[in-house]
Each structure stands twice: as structure tokens, then as C-alpha cells.
Asker: 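Quick one: this structure, given as C-alpha cells, is what I'll be asking you about.
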Amino acid sequence: MNSMRLSKYYMPTLKEDPTDADIASHKLMLRAGMIRALSSGVYSYLPLGYRIIRKVENIVREEMDKSGALEILMPAMQTAEIWQESGRWEDFGPLMIKFEDRKKRQYCLGPTHEEVVADMIRDEIRSYKDLPYNLYQIQTKVRDEIRPRFGLLRAREFIMKDAYTLDTDYEGLDEQYQVMYDTYSSIFERCGLETRVVRADSGAMGGSSSHEFMVLADTGEDELAFCSSCDYAANVERAEAFIELDESGEKVKSDLKEIHTPGAKTIEDLVDMLELPDTKMVKSMAYIADGEPVVALIRGDDQLNEVKLKNYLGAVELRPAHPEEFEEIFGSIAGFIGPVNLSDDVKVIADRKIKELNGVVTGANKKDYHYINVDIERDMNEIEDYLPLRKVIAGDKCPECHGGLEIKSGIEVGHIFKLGTKYSESMNATYLDDNGREQPIVMGSYGIGITRTVAAAIEQNHDEKGIVWPVPIAPYKVIILPLGNSDDVDEAAENLYTELNEAGIETILDDRDERAGVKFNDAELIGIPLRITIGSRSLKDDKFELQIRRTGEESMLDKENAIDQIEELLSKIT
RNA sequence: CGGGCUGUGGCGCAGUUUGGUAGCGCACCUGUUUUGGGAACAGGGGGUCCUGAGUUCAAAUCUCAGCAGCCCGACCA
């Protein structure tokens, strides 16, 4: 039965905010009795929470099925061998929870399933006639996140829908990719969420093209660049601004000069000390990329986009150098590193904008000294390449229409990738084409964070009183609050409850022996779209009181045709 | 992994400075009265004070080590 009595439901609500939580969705899910933590980033889903998760799952399932995808369920426990085969046992390394069985064979808990899919199909798919396919599952994923946080927004264990397309060629992949793009749009729209699609970096998944589906919210961990004039939209990790370079630059006439800059370790310090603008300074950022030292140069007023640096280097791991490494590896010192007379072992890469600069300030690679009048060609170490390495900021020009870019934050709820043949080649998942030649299967992979979507929905739909569920994913559509202690009220509530159930409207009956205030507050906290209050006050006129959670709008319902009125309202509100 | 904060009944906290054997609010149990926005009164149950070692006649409190949680930075649905 799609309904319930609160007196028998397990919904431990909290009056006060838990101290561990500090964003809306985390606090409210704990307070509404939806989730409880077992460990950092590991949660139990209580009846109310799980019901909402299932609402989202079902929408996802329906739309995936409609798209022609086939639901499967793969092992959560995966062997080390398939990961070694694809080469990701090291790449994904620390992100995986690894363990061994009694025979000392190594396993991990699946953080994703490209390897398993490839393994599963490679012995079965032999011919181009067997393709294409789209296989998906809804399953718990485990990732040993560096820093789990924000409740279900970044958990170590979470529910994900992941799909994998298999095609003979890139045209097929493009087609299935587009189908998934459209399917994802419908899914989030059906969930009642406002999402934006952005171009994305494909990160550890590899592959060529990818898009992310983002719920716009201030608490989002991703920064997104949107053009205000055209439809350009990209994750800042991947966004690139249009830059007009002025390369006419004259040579620097003055000699390179070392100056004393005691304690000036940051660009800000230098601006104050030298009274020069930060645009005349070059920031040198020291990194270790898979063990190799790299220095990235960007203009003093810019921020480095580490993802771009990492991608250019093709590095698996990129991290800032530790202070002691500055001396040992770079032949420099933290806070005063610069591309002049730097150790030749260090690779130097610069942002495009560096090219047009001259007569700049850089670190002198010794404590409390900088160089001024630095000429890029004359004085600096060899620069391996000039690339767009700077982070895009609000006000930059759109790369497509040169309009203005704005930056917003968002929560990534879906991500689609064109993987290509990365996994099929490494794992030997091939088919025979119509010439009898062996070809790698062309793959795509498509994820939706189910539990994250639930959290994102709350981030987007709450007020000071609690959650405001969009109707399609609301755990129940109506909550009935009988107030006072009269048999008439109880009977009317019971009758309405039965009628609503018969009409197929998911309804909660708050039959707890609680005071009015408790019932009102819990109803608001758990965010049920329609609240029907039954009390002797209005019942004597054969009326029920109705309130819409989202707007707070109140009205009276006639006892006689209450069901019709409720059905009509539910079809209208969001 | 680096930096910061915090661990005291289920939840939120005080007590730690100055060591003396644990307290408040909520929740919970019993009873009475209440009953339209988180009731009142009376009685009651529940705590390895994160763990371990140390100092001391005596440790929630002091020392050391460890663990866990949260927040700020690199990963991702």
C-alpha cells in the first residue's frame, strides 16, 4: 500500500540541527529522519529517505527503459585483474576500497564499472551484427573519497545509475550519446529539478567528449561558466576564455636586476612592496606531476587551472610541491621560485597570456629576492609550451561569441562521456566488422548520482521550515493532520485517508498522539506538498483546511468533493 | 596528506582555565491535568566523560600517544 500512518512509521525527526552538518540538504535529511550516518560519508537510508531515493530511481528507470537501455546488475565486488588489465588499478588506486579474500586474491568495491562491462561482453559480442547495446544498472558505488562531506552530496558510499553503450563506430556512439543526453534532460525535468548542461572535462574516465548535468546551487562544489549572450556553458575546469593577445611587445631594454624583497612570498606582498600592478608579475607554481617537477607560469592576477595543467601533462597525479622539495628538486625556495636560472630538470609551462608580457617581476630562487625587468626570451628558462592554463573568471569573453561570461556554482548530478575505445582496446573487447576485421568496440558511459540528486533537490527546494519536495519525487503527496481529541475528527481523518488511498494518492496520516505544533512542524520539515488539517473548528461546517507547502497558500476544502479538489491541485502545483 | 576546530546519557550543550568522583535543555518511562503551532506538574531510568598509557592520595579536567567526526585546500555521480 502506498500510504502510511505516522504512529507506525520509523521517522525519527530532530528538533535541533545536528552539529556535524552545515549545509541545508545534510541538516534537513538528518532532521527529517531520512538518513543516519554509520561513518564519515557512509549512510543508512531510513524509510522516508529510501522512499524518495526510489522515486528518483523509478523515474530514471522509466526513462532509461524508454530509451531502449537494458537494466542489469553487475558485481559490487570486483577483481583486481580487470583493473590491472585496463591499467586503472594504479590510476584509480587510492580511490578504491581494496581487500583480499581468504586465498589472498585481491578485490575492490566497485567505484565504477567500465571494466566489468567490458569483461562481461567481450566473450559474447563477436560480430558487428550484435551491436549496438546500452546496458545500465542502479547500484551502490564505493569510493574512498579524499574528503567526504556535505552528507549525501559527497559520500563514500552512494547510489548511482551507470549506463554503458557499445557501438561499432563513432557514428553509433554519437547517436546513443545524443539519446542519453535527451534522456537525462527528461529525467531531471521529470524530477522537478532545474538543471543546466555544461561541457566538461572527462577526468579519470578518459575519452573525448563529455557533458555534465548540473543543479545550480550556491553549495555546489563545481564552478560553471555561462555566456550571457549565447548558449556556451562549460565547467570552469574546462572553460576557456577568448583572449586577444598583443604580441607586438618590445624587448626589455633594462638589464635583469635582482632586488631585495624580504618576506614577500605572495603576489599581494609584492604589489604592496614594489608598487607595481600584479599584471606585471609572473606567478610560478611548482608542482610534482607523477614524480616529475613542473613549474607553471601564469600572470600575477590569474589563477591556475590545475585540471588543464594535468591534462596537458597527461599526469595521473598532480600535486603542489612540498616546501622541502623546492630546494631539493627545483633548486629554489618556497615563495621565491621563478623561471629564471631554475634547474634545467624542471619543465616550464606557461599560460598563453605570459607570451605578451615583458619586463616582469619573478622570483629569484633565493630567499627574500625577486628579479625585475625580466625578459621572457632573454632571461627565462626554456618554456616548453604556451597553453590556456588560467582559470576563467566572471567577465572574461566567451570563446564562441565573445560575449561576457558569468560564473555560477552547481552540483554535478549527471555526467555523460564518449569513452571511445580506451577500455575496449586495453581489455580486448572486439568484434568482427563486415570485412571480417577485428575492431575495438566503441564505448560510452553515463552516470547519474541518485542519492546526490536527492540531496541536490533539497538544496534547490527548501525554506527555513524544512524541505519542499517537488511533487514528482515527494515521498507522499498529502499529509493529513487530525487535531484535538474528538472522535468526529478522527473518523473524518480516517475516511479521508481511505478515500485518498483508493484514489491512488500517496498519503500520510499523522495519527500520533502529539500536539498540534509537533504535527505542523514535522509536516513542514519533511516537505509534503499538501497538508490537510482536520479539526473540530472547521469540521462542524464540513470543511477541511488545506495548505500548499511551497507557497504557504491556505484554502478550505469541502468534505464532499475533497478528493477531486486535491487531485486537481496536485496536477497544478510543482 | 597538509592546516584549523571538536569528542561529556539518543540529540544540543555546560563543566576542563584553578584536579575532589558529572550537570542542564530536549527526547524517553510512570501518573495527573492538558490538547489548533514543538504543554504543565510530580516521580523515574539511562553516561566506558573517544581510546590507551602516564602524573597524582585523587583525572572529564594535567601530560603523551592514538582513534573518530566536522571545516578549509587537491578527486568525483
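Predicted model only: the values in this text are computed from it and were never measured. All chains are named by letter (A, B, ...) in the order of the sequence lines, taking the proteins before the strands, and each is independently numbered beginning at 1.
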Asker: Say you pick atom C1' in B:C72 and the same atom in B:U16; how far apart are they, in whole Å?
Answerer: 27 Å
Asker: Would you indicate what A:Arg531 reaches in the nucleic acid, counting non-hydrogen atoms under 4.0 angstrom: base, sugar-phosphate, or nothing?
Answerer: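 Base, at least one base atom sits under 4.0 Å.
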Asker: Go through B:G38, B:G37, B:G36 for me and flag the one nearest to the A:Val518 side chain.
Answerer: B:G38
Asker: Establish, with yes or no, whether the OP1 or OP2 oxygen of B:A77 is under 4.0 angstrom from a side-chain nitrogen or oxygen of A:Thr451.
Answerer: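 Checking B:A77 against A:Thr451, no side-chain N or O comes under 4.0 Å of OP1 or OP2.
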Asker: Could you tell me the separation between the OG1 atom of A:Thr453 and the CE atom of A:Met160, rounded to the nearest 0.5 Å?
Answerer: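 Here the interatomic distance stands at 11.0 Å.
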Asker: Using a heavy-atom cut-off of 4.0 Å across all strands, would you classify A:Arg537 as base, sugar-phosphate, or nothing?
Answerer: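 Answer is base: heavy atoms of A:Arg537 come under 4.0 Å of a base.
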Asker: Students often get this wrong, so: under 4.0 angstrom with heavy atoms, is A:Glu514 touching a base, only sugar-phosphate, or nothing?
Answerer: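 Nothing: the residue A:Glu514, judged by heavy atoms under 4.0 Å, touches no strand.
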Asker: Does A:Asp463 pair with A:Lys465 as a salt bridge, N-O distance under 4.0 Å?
Answerer: no
Asker: Between A:Tyr476 and A:Arg51, is there a cation-pi geometry (under 6.0 Å to ring centre, at most 45° from the normal)?
Answerer: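 So A:Arg51 does make the cation-pi contact.
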Asker: Could you check which of B:G36, B:G37, B:G25 has an atom nearest any side-chain atom of A:Glu524?
Answerer: B:G37
Asker: Could you tell me whether a side-chain N or O of A:Trp469 sits under 3.5 Å from a main-chain N or O of A:Ala457, the two making a donor and an acceptor?
Answerer: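 Checking the backbone N and O of A:Ala457 against the side chain of A:Trp469, no donor-acceptor pair under 3.5 Å is found.
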Asker: To the nearest Å, give me how far apart CD (A:Glu16) and P (B:G10) are.
Answerer: 15 Å
Asker: Going by number, which of residues 25-43 of chain A have a non-hydrogen atom under 4.0 Å from RNA chain B?
Answerer: A:Arg31, A:Ser39, A:Ser40
Asker: Quick one: look up who B:U51 pairs with, Watson-Crick or G-U, both distances under 3.5 Å, and put none if it's unpaired.
Answerer: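 Per the H-bond distance test, B:A65.
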Asker: How long is the line joining CD of A:Glu545 and C1' of B:G36, in whole Å?
Answerer: 8 Å
Asker: Are A:Arg147 and B:G69 close enough that a side-chain N or O sits under 4.0 Å from OP1 or OP2?
Answerer: no
Asker: To the nearest angstrom, how far is A:Asn521 atom CG from B:U35 atom P?
Answerer: 20 Å
Asker: Write down the distance separating the P atoms in B:C41 and B:U34, rounded off to the nearest Å.
Answerer: 16 Å
Asker: Using atom P in both nucleotides, what's the gap between B:C64 and B:U55 to the nearest angstrom?
Answerer: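 My reading of the P atoms in B:C64 and B:U55 gives 15 Å.
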Asker: Identify the nucleotide, in any strand shown, that forms a Watson-Crick or G-U wobble pair with B:G46, with both distances under 3.5 Å; if there is none, say none.
Answerer: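 Per the H-bond distance test, none.
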Asker: Considering only atom P, compute the distance from B:A58 to B:C1 and round it to an integer number of Å.
Answerer: 37 Å
Asker: By the 4.0 Å heavy-atom rule, please label A:Asp20 as base, sugar-phosphate, or nothing.
Answerer: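 Sugar-phosphate, no base atom in range.
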Asker: From C-beta outward on A:Leu483, which listed nucleotide comes closest to its side chain: B:G36, B:A77, B:G12?
Answerer: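 Within the option list, the nearest is B:G36.
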Asker: What is the distance, rounded to the nearest whole Å, between atom CD1 of A:Ile450 and atom P of B:A77?
Answerer: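 After rounding, the gap between these two atoms is 14 Å.
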Asker: In whole Å, measure the gap between the P atoms of B:G31 and B:G36 for me.
Answerer: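 Per the computed distance, 22 Å lies between those P atoms.
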Asker: Between the side chains of A:Ser39 and A:Arg156, does any donor sit under 3.5 Å from an acceptor?
Answerer: yes
Asker: In terms of relative ring orientation, are A:Tyr446 and A:Tyr177 parallel, tilted or perpendicular, with 30° and 60° separating the classes?
Answerer: tilted
Asker: Provide, to the nearest angstrom, the distance between the CD atom belonging to A:Gln547 and the C1' atom belonging to B:G37.
Answerer: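 These atoms are roughly 11 Å apart.
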Asker: Is any side-chain N or O of A:Arg143 under 3.5 Å from a base N or O of B:C76, one able to act as donor and the other as acceptor?
Answerer: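 Between B:C76 and A:Arg143, which were checked side chain against base, a qualifying N/O pair under 3.5 Å is absent.
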Asker: If we take the P atom in both B:C71 and B:C28, what is their distance in whole Å?
Answerer: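 Between the two P atoms, the distance is 29 Å.
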Asker: Please give the nucleotide sitting opposite B:C1 as a Watson-Crick or G-U wobble pair, both distances under 3.5 Å, or none.
Answerer: B:G73
Asker: Could you point out which residue of A:Glu114, A:Glu115, A:Arg88 forms a side chain to side chain donor-acceptor pair (under 3.5 Å) with A:Tyr423?
Answerer: A:Arg88
Asker: Considering residues at least two apart in sequence or located in another chain, which fulfil the side-chain hydrogen bond (donor to acceptor under 3.5 Å, both in side chains) criterion with A:Glu240?
Answerer: none
Asker: State whether the aromatic ring of A:Phe158 stacks on the base of B:A77, taking stacking to mean ring centres under 5.5 Å apart and ring planes under 30° to each other.
Answerer: yes
Asker: In whole angstrom, what separates A:Lys310's NZ from B:C75's P?
Answerer: 5 Å
Asker: When all nucleic acid strands are considered with a 4.0 Å heavy-atom cut-off, which category describes A:Gly535: base, sugar-phosphate, or nothing?
Answerer: base
Asker: For B:G12, give its Watson-Crick or G-U wobble partner with both distances under 3.5 Å, or none.
Answerer: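 By the stated definition (distances under 3.5 Å), B:C24 pairs with B:G12.
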Asker: Over 60° means perpendicular and under 30° means parallel, so classify the ring planes of A:Phe417 and A:His415, tilted if in between.
Answerer: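 Rings of A:His415 and A:Phe417: parallel, as their planes differ by under 30°.
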Asker: Using Watson-Crick or G-U wobble geometry with both distances below 3.5 Å, tell me the partner of B:U56, or none.
Answerer: none
Asker: Starting from C1' on B:G38, measure out to CD1 on A:Ile526 and report it in whole angstrom.
Answerer: 15 Å
Asker: Given that both distances must come in under 3.5 Å, which nucleotide forms a Watson-Crick or G-U wobble pair with B:A39?
Answerer: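 When the pairing criteria are applied, B:U33 turns out to be the nucleotide that pairs with B:A39.
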Asker: Just checking A:Asp17: base, sugar-phosphate only, or nothing, at a heavy-atom cut-off of under 4.0 Å?
Answerer: sugar-phosphate
Asker: With P as the reference atom in both, quote the distance from B:G45 to B:G23 in angstrom, rounded to an integer.
Answerer: 13 Å
Asker: Under 4.0 Å between a side-chain N/O of A:Arg149 and OP1 or OP2 of B:C72, yes or no?
Answerer: yes
Asker: Return the nearest nucleotide to the side chain of A:Asp522; candidates are B:G37, B:G38, B:A77.
Answerer: B:G38
Asker: How do A:Ala21 and A:Gly447 order along RNA chain B: which one's closest nucleotide is nearer the 5' end?
Answerer: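 Going by which nucleotide is closer to the 5' end, it is A:Ala21.
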Asker: When you compare B:G19 with B:C13, how far apart are their C1' atoms, in angstrom units rounded to a whole number?
Answerer: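 About 22 Å, rounded to a whole number of Å.
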Asker: Among A:Thr112, A:Asp162, A:Thr451, which one satisfies side chain to side chain donor-acceptor pair (under 3.5 Å) with A:Lys141?
Answerer: A:Asp162
Asker: Tell me which nucleotide among B:C75, B:C26, B:A77 gets nearest to the side chain of A:Val307.
Answerer: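 Out of B:C75, B:C26, B:A77, the nucleotide with an atom closest to A:Val307's side chain is B:C75.
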Asker: When the distance from CZ of A:Phe150 to P of B:C76 is rounded to whole Å, what number comes out?
Answerer: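 It works out to 17 Å between those atoms.
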Asker: Are the charged groups of A:Lys391 and A:Glu223 less than 4.0 angstrom apart, N to O?
Answerer: yes
Asker: By nearest heavy atom, map A:Ser536 and A:Ala155 onto RNA chain B; which one lands nearer the 5' end?
Answerer: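 Comparing both residues, the 5'-ward one is A:Ser536.
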Asker: Look at A:Arg515 and B:A39 and indicate whether a side-chain polar atom (N or O) is within less than 4.0 Å of OP1 or OP2.
Answerer: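 A:Arg515 to B:A39 OP1/OP2: side-chain N or O found under 4.0 Å.
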